[in-house]
Amino acid sequence: MAYKAAIFDMDGTILDTLSDLTSALDHAMEQAGHRHDFSRADIAAFFGSGVYVAIKRALSVENGFPEDRLCLIGTPDEPDDCFSDEAEIDRISQIYRPYYDTHCDIKTGPYPGIPRLLSSLRERGIRTAVVSNKPDPAVATLVKDKFPGLFDFALGEKDGIKRKPAPDMVNKCLQALGLSANECVYIGDSEVDLATGKNSGLDVISVDWGFRSRAFLEKLPAEKIVSSAMELLDAIEMA
């Protein structure tokens, strides 16, 4: 059955947000008296599971936690030796969130071909949505500014809704679209997105231009990986 909707992750999938994420996290860490010289590559490894987990990973690295185990932080397999001071993570989060909400679109822009991809899907009668672990105010701002009129639904991290990879956010999206899981496909760039699709009962297409490398995705393993917006369009249409 052809897909009736394509549901997208945001960071690393439709938008290159790394520069603004890096500036915001370094700002919050500096204001809180912590290491604040993280690179885009560092930030790519930190994000994917929401702000709280990203800050926890940054603080863990500051304290010598090995980077090759970062992806375990924020999962059921989280190691006991990662940073665990919840009050400090919350304190930094309170600095980060309002700063990022007002600085989220300074250097951020769509990946090549994404706006045209979205227009092509809609021309074909395929509905489009965003479900992201990015804070909801930033999701709303970026959808409005970068993709005007191109999404039927957008949802970011909100209190009271379990973040991805729990299925709750996707279920809200399905309800709003009036569609079932087998009528939709989820598109993302990380292990969180693969788990989100599995937990929600959706097929998943992974993109290799985002926060995780193709080699990383292949080891997961991701069943379907694409390298361009045109290839992604073909993968959605050929379902």
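If you read the sequence from its start, that first residue is 1, and numbering goes on from there.
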Margin query: If you apply the rule side chain to side chain contact (heavy atoms under 4.5 Å, CB included), what do you find for E157 with R97, and how did you get there?
Written below: CA-CA 11 Å; E157 183 186 33; R97 289 179 183 274; 3.4 Å; yes
Verify the cluster assignment for [X] and [Y]: are they in a single hydrophobic cluster under the rule of side-chain heavy atoms below 4.5 Å apart?
X	Y	result
L117	V143	yes
V51	F38	yes
L155	V192	no
L217	L232	no
L21	I55	yes

Distance alone, cut at 3.5 Å: any donor-acceptor contact between the side chains of [X] and [Y]?
X	Y	result
H34	E88	yes
Y52	D90	no
N182	S180	yes

Are any side-chain N or O atoms of [X] and backbone N or O atoms of [Y], one a donor and one an acceptor, separated by less than 3.5 Å?
X	Y	answer
R127	D152	no
S200	T196	yes
Y186	V131	yes
D136	G156	yes
W209	T13	yes
E231	S227	yes
N63	F65	no
S84	D80	no
D145	L142	no
T102	P98	yes

Heavy-atom pair of closest approach, residues [X] and [Y]:
X	Y	value
S60	I73	OG-CD1, 3.6 Å
I126	A6	CG2-N, 4.0 Å
T141	C104	CG2-SG, 3.9 Å
R40	L18	NH1-CB, 3.5 Å

Item checked: side chain to side chain donor-acceptor pair (under 3.5 Å) partner of T17, chosen from T108, T22, D11 -> D11
Notebook entry, point to check: With L202, which of V185, I187, V170 fulfils side chain to side chain contact (heavy atoms under 4.5 Å, CB included)?
Noted result: V170
May I ask you to say whether [X] pairs ionically with [Y], meaning some side-chain N is under 4.0 Å from a carboxylate O?
X	Y	result
K144	D105	no
D189	R212	no
D9	K164	yes
D168	K158	no
R35	E62	no
E123	R116	yes

Item checked: Contacts of D68 that satisfy salt bridge (Lys or Arg N to Asp or Glu O under 4.0 Å) - sequence neighbours left out -> none
Check: Are there more than 12 heavy atoms of other residues, nucleotides or ligands under 6.0 Å from atom NZ of K172?
Finding: no
Check: Crowded around E218 CD? As in, over 12 foreign heavy atoms under 6.0 Å?
Finding: yes
Notebook entry, point to check: Hey, what do you get for OG1 (T128) to CD1 (I7), rounding to the nearest 0.5 Å?
Noted result: 10.0 Å
Notebook entry, point to check: When you look at L72 and E78, which way does the side chain to side chain contact (heavy atoms under 4.5 Å, CB included) test go after all the steps?
Noted result: CA-CA 5 Å; L72 297 176; E78 182 171 284; 5.8 Å; no
